[in-house]
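Protein chains get the first letters and strands the later ones, always in sequence-line order, with residue 1 at the start of each.
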Amino acid sequence: MALPSSPFTSKASAFHIPAESNPPCSLLQKHPSQSLLSGCKNMENLKQIHAQFIKFGLHNTHFGLSKLVGFCALSPYGDSNYALLIFDAIENPTEILWNTIIHGYALSSNPELALEFYVKMVSLGNYPNSYTFPSLFKSCKKLMAAQIGKQVHGCVLKLGLDSYVHIHTSIINMYAQIGELGHARQVFEKSSFRDAVSFTALIGGYVSRGCLDEARVLFDGIPVRDVVSWNAMISGYAEVGRFGEALSLFENMWKLNVTPNESTLVSVLSACARSAGLQLGKRVDSWINRNGLDSNPRLANALVDMYAKCGEIDTARSLFDGMEVKNIVSWNVMIGGHTHVSEYKEALAVFRHMQLERVEPNDVTFLNILPACAQMGALDMGRWIHVYINKNCHHLQNSSVWTSLIDMYAKCGSIESAKQVFFGLETKSLSSWNVMISGLAMHGNAHGAIDLFSKLIEEGIEPDDVTFVGLLSACSHGGMVELGRLHFSSMVQDYKIQPKLPHYGCMIDLLGRAGLFDEAKSLLACMDIEPDGAIWSSLLGACRIHGNLELGEYAACSIFKLDPNNHGAYVLVSNIYAGAGRWNDVARIRTMLNDNGLKKVPGCTSIELDSVVHEFLVSDRTHPQSEDIYRMLDEIDRRLEMAGHVPNTSEVHYDMDEEWKEGILSQHSERLAIAFGLISTKPGTTLRIVKNLRVCGNCHSATKLISKIFNREIIARDRNRFHHFKDGCCSCMDYW
DNA sequence: ATAGGGTTAG
C-alpha cells in the first residue's frame, strides 16, 4: 500500500520555507497534523496537535497559527482561553487572526469581548475588513446593543463596505432581532441584491415579533428558497402555536423535494408533539430511520418528546432507553413525558436514575420533577432539590422554579417550608402569591390565606382568576360564607374577572355546606357556563351532610348524565337514602352498582421514606415488610380499643363510604401507611401521608386518636385538602 | 485560511 508522501520529503524539501512566510497551501493541507484538526474533538487532542505543529515548525507560520486559534476560538470543543494564550504570544497578528479571535468572542457567552478586541485591533493600527464586521453585528445583536450597532453600521458605510453580502445580511439580521425592524426593512429594500439568506434574516425579525403573516408575504416572495428559509417559516408558525400551517408548509416542502435537515425535523416534531400530530410524527420517524439519522441526539430527543406528548409513552420510553448518548434534554424529555401522562412514580424513578448517573439537573428538570414530587408527596426528594438549587444554582433566574418549590412544599404537607421559600423571595411573581394562597387554603388556614390576599392588594399587585380560586377555596374550607360572598362579588365588580367553573365550584361548595341551598340554586341558575361534575358532586356532598334528599337526587342525576360511571356519586346518594331510612333505595343503588359492574377507583395511600415512595392499597400484603406492618396494625387496634375507640361497624352496612366493600376498616390504605410510618421512623417524627380519595369518617376519627396515643403529628392529604392530626384533634375541625 | 439567515426540553 502506497503511503501518502510527506510534504517534507524529497519534492517538498526543494522548497525553502522561511519561518515567517506562508507556505503553499496545497502542501500543508495534505500534512497529517493538518488533517488531524478537522477530526479533533477535544482540547487534549488539540494540545497534541499543537505539539505536532511545533515539531514541524508550523507554529511559526500565520497559517498554522490561524488554524490552531480558529479551532480553539470557534469549535464547540475549543477553549477561548487557550486561543487567547496562543494569540497573545504572536508578535504581529494578521487581520485574519484578529478576525478569528473576534469571531470566537462573538460566538461566546461574552460577546462584549468581541467589541473590545475590535477596538484594540483598530487602535494597534490594523484595518477591519469585510470579514470583521459580521462578527461585530452578531455581538451587538446578542448584547441587544442598538446604539453600538448603529455606530458600527456607520463605520461600515464610511469604509464603503456595505455592499459586501455577508455584512449586508448581518446588518439586517442585527436590526431585525434587536427590535429595529424598520431599520432592517430599510437596509433590505435599499440593497440591489436579495437572496434567500437576506430574505430569511428579515423574516426572522417578523417571526420573532409573532408577525407571521408579514413574514409569510416575504417568504412567498423569495425567488429561490433554500432549506433555512423553510425552517424559519415552519418554526415560526410552530412557535406561535399555528401548528396546522407549520405542518402543511412542511408537507409542501416535502412535495417540492426540498430535503429537510436536522432543524426542520426538530421543529416539525415539536409541532407534532404540541398538536397531537402522531400520524405525521410517525412518518417523520420512519423517514429519519430510512435516512440513518436515528442516532442523531437532537432528533432522538425530539422523537421521544413527540411520542410522549402524543400519548405513546411506552414508545417514547423504549426509544429513550435505547439511546446511546443521553443529554440533559433527553432526561428532561422523559421525566416531563411521564409527568405529562400522570405517571409520577415513573417520573421520580427516571429522576433517581439520572441522579445515579450523575447528570446535573437544570431548571427544566426541576419544573418537570417538582410537580411529580408534589403529586406523590415526595417531600424528601423535593427537599433534596431545594438544597441542590441553593447549593448549585446561584444564578437561577427562573421564577417558576420557586413557585414550583412553594407548591411542592404545600402539597407535600410542609406549609412552613412553603412559607419560608415564599417570604424569602426577593421578587414575588403573581403565581408565587397564588400557590401560597392556595397552599394555605388547602391546609385549612383560611385566615392566613385571606390575610395574604390583603397583603397582595396592599402591595398593589393585580390579582387574577387563579388568585380568586385560592381565596374562595380558603373561604369554603373555612366555612366563611360572608367573606366568600364578599370576595366573589368583588372579583366580578372590582376586578372585572369573569367567574369560571372553579370559582362557581367554591361558592356552591361553601353555600351547600352551610345549608344555604336556595342561594346555591340561584347561583347555579345564573351561571353562564354549564356546571361540571365537580360542582354537582360538591352539591351532592352538601346534600348528604344536610340530608337534602330532593336536591341530592337531582344533583346525582345531573352527575350521571355527565358521567354514568361516577362511583362516588352512587355512594353519596345511597348514603342520603340511608340517612332518610329509605332502605329499598339503598338496595336499588347497590344493585345498580353491581349490575353496571362499576369499579371504584381503589383507595391508595402513599408515604415517603428516604426519598422512596411506598404505596398501599386496602388490605395490601405486597409490601416486603408486610408482616411487621400487620403486627403494628394489631397493636394500633388494641390501643385504640383501650382508648375507647369504637369502630363504626354498625354503620358500615348502610353508610357506604368511598371504601365501601373494601373489607375491614382497620386495613384501609391510610392505616397501612400509618402503621408502616410508625415502625419505620424514630418516635416523634411527623408522618406525612397522601391519599387519592377523600378520607373516610372512620379513619378520620381513628387517626385523631392515633396521633394522641403514639404522640405523632400526622399530616394527611386527601383528594380535597390537608388534615393535620395532633394531640387527638384535626385541623379541619371535622369539616371536610 | 477568517465572514451572512433557521434549531430542540417548560
**Student:** Is the cationic atom of Arg194(A) (NZ for Lys, CZ for Arg) positioned less than 6.0 Å from the six-membered ring centroid of Phe199(A) and within 45 degrees of its normal?
**Tutor:**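 Output no; distance or angle outside limits.
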**Student:** I'd like to know if Asp195(A) reaches the base of dG5(B) with its side chain, counting only an N/O donor and acceptor under 3.5 Å.
**Tutor:**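 A donor-acceptor contact between them is absent.
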**Student:** Of all of residues 258-266 of chain A, which get a heavy atom below 4.0 angstrom from DNA chain B, listed by number?
**Tutor:** Asn261(A), Glu262(A), Ser263(A), Val266(A)
**Student:** Let me know the distance between CG of Leu74(A) and P of dT2(B), rounded to the nearest Å.
**Tutor:**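 Nearest whole value for this atom pair: 9 Å.
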**Student:** Closest approach to the side chain of Ser130(A), judged atom by atom: which nucleotide of dA1(B), dA3(B), dG5(B) is it?
**Tutor:**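 That would be dA3(B).
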**Student:** Tell me which nucleotide among dG5(B), dA9(B), dT2(B) gets nearest to the side chain of Ala196(A).
**Tutor:**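 Minimum distance to the Ala196(A) side chain belongs to dG5(B).
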**Student:** Give the nucleotide from the list dA3(B), dG5(B), dT7(B) with an atom nearest to the side chain of His166(A).
**Tutor:**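 The answer is dA3(B), which lies nearest to the side chain.
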**Student:** Nearest to the side chain of Asn332(A), heavy atoms from C-beta on, is which of dG5(B), dA9(B), dT2(B)?
**Tutor:**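 Given the options dG5(B), dA9(B), dT2(B), the side chain of Asn332(A) is closest to dA9(B).
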**Student:** Locate the shortest heavy-atom distance separating Ser267(A) from Ser235(A); write the atom from each residue and the value.
**Tutor:** OG-CB, 3.4 Å
**Student:** Whether the His168(A) and Ser191(A) side chains hold a donor-acceptor pair (N or O, under 3.5 Å, no angle test) is what I'd like checked.
**Tutor:** yes
**Student:** At under 4.0 Å between heavy atoms, what does Glu239(A) touch on the DNA or RNA strands: base, sugar-phosphate, or nothing?
**Tutor:** nothing
**Student:** Mind calculating the distance between CG (Asn129(A)) and P (dA1(B)) to the nearest angstrom?
**Tutor:** 15 Å
**Student:** Send over the distance from Tyr131(A) OH to dT2(B) C1', rounded to a whole Å.
**Tutor:** 7 Å
**Student:** Mind checking whether Leu218(A) and Thr200(A) have side chains closer than 4.5 Å, heavy atoms only?
**Tutor:**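 When only atoms from C-beta onward are counted, Thr200(A) and Leu218(A) do not touch, as no gap falls below 4.5 Å.
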**Student:** At less than 4.0 Å, is any side-chain N or O atom of Lys138(A) found next to OP1 or OP2 of dG4(B)? Yes or no.
**Tutor:** yes
**Student:** With respect to the side chain of Val228(A), which nucleotide from dG5(B), dA3(B), dA9(B) is positioned closest?
**Tutor:**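 Closest nucleotide among those given: dG5(B).
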**Student:** Donor-acceptor pair, Asp195(A) side chain versus Ser198(A) backbone, under 3.5 Å?
**Tutor:** yes
**Student:** Side chains of residues 340-356 of chain A: which donor-acceptor pairs under 3.5 Å do they make with residues two or more places apart or in other chains?
**Tutor:**
unit_1, atom_1, unit_2, atom_2, d
Glu343(A), OE1, His338(A), ND1, 2.7
Lys345(A), NZ, Glu615(A), OE1, 3.0
Arg352(A), NH1, Ser611(A), O, 2.9

**Student:** Checking Arg317(A) side chain against Gly337(A) main chain: does a donor-acceptor pair fall under 3.5 Å?
**Tutor:**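 No, the answer is negative, given that no donor and acceptor are paired below the 3.5 Å cut-off.
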**Student:** Output the single nucleotide from dT2(B), dA9(B), dG4(B) whose closest atom is nearest the side chain of Ile96(A).
**Tutor:** dT2(B)
**Student:** Counting side-chain heavy atoms from C-beta on, which of dG4(B), dA9(B), dA1(B) comes nearest to Asp305(A)?
**Tutor:**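 It is dA9(B).
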**Student:** Starting from P on dA1(B), measure out to NE2 on His62(A) and report it in whole angstrom.
**Tutor:** 16 Å
**Student:** Heavy atoms under 4.0 Å, any strand shown: does Asn173(A) hit a base, just sugar-phosphate, or nothing?
**Tutor:** sugar-phosphate
**Student:** Quick one: Tyr118(A) OH to dA3(B) P, roughly how many Å, whole number?
**Tutor:** 18 Å
**Student:** In whole angstrom, give the distance that lies between atom CD1 of Ile222(A) and atom C1' of dG4(B).
**Tutor:** 14 Å
**Student:** Only counting residues at least two apart or in another chain, list the ones meeting salt bridge (charged side-chain N to carboxylate O under 4.0 Å, His left out) with Arg283(A).
**Tutor:**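 Only Glu251(A) meet the salt bridge (charged side-chain N to carboxylate O under 4.0 Å, His left out) criterion with Arg283(A).
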**Student:** What is the distance, to the nearest angstrom, from the CZ atom on Phe133(A) to the C1' atom on dA3(B)?
**Tutor:**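 For the pair Phe133(A) CZ and dA3(B) C1', the rounded distance is 12 Å.
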**Student:** Considering only side-chain heavy atoms of Ser267(A), which listed nucleotide, dA3(B), dA9(B), dT7(B), is closest?
**Tutor:**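 From the listed options, dT7(B) comes nearest.
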**Student:** Looking at dA3(B), I'd like to know if its phosphate oxygens (OP1 or OP2) sit under 4.0 Å from a side-chain N or O belonging to His103(A).
**Tutor:** yes
**Student:** Quick check on dG5(B): is either OP1 or OP2 less than 4.0 Å from any side-chain nitrogen or oxygen of Ser229(A)?
**Tutor:**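 Checking dG5(B) against Ser229(A), no side-chain N or O comes under 4.0 Å of OP1 or OP2.
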**Student:** Which listed nucleotide (dG4(B), dA1(B), dT2(B)) is nearest to the side chain of Ser66(A)?
**Tutor:** dA1(B)
**Student:** Please determine, by modelled atom types, if Tyr307(A) and Asp314(A) share a side-chain donor-acceptor pair under 3.5 angstrom.
**Tutor:**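 Note: Tyr307(A) and Asp314(A) side chains miss the donor-acceptor criterion.
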**Student:** At 4.0 Å (heavy atoms only), tell me whether Ser135(A) reaches a base, stays on the sugar-phosphate, or touches nothing.
**Tutor:**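 Since no nucleic acid heavy atom lies under 4.0 Å of Ser135(A), the category is nothing.
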**Student:** Looking only at N and O atoms, is any donor in the side chain of Thr200(A) or the base of dG5(B) less than 3.5 Å from an acceptor on the other one?
**Tutor:**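 Indeed there is one.
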**Student:** Identify which nucleotide among dG4(B), dT2(B), dA9(B) has an atom closest to any side-chain atom of Ser198(A), counting heavy atoms from C-beta outward.
**Tutor:** dG4(B)
**Student:** Tell me the interatomic distance from His168(A), atom NE2, to dA3(B), atom C1', rounded to whole angstroms.
**Tutor:** 15 Å
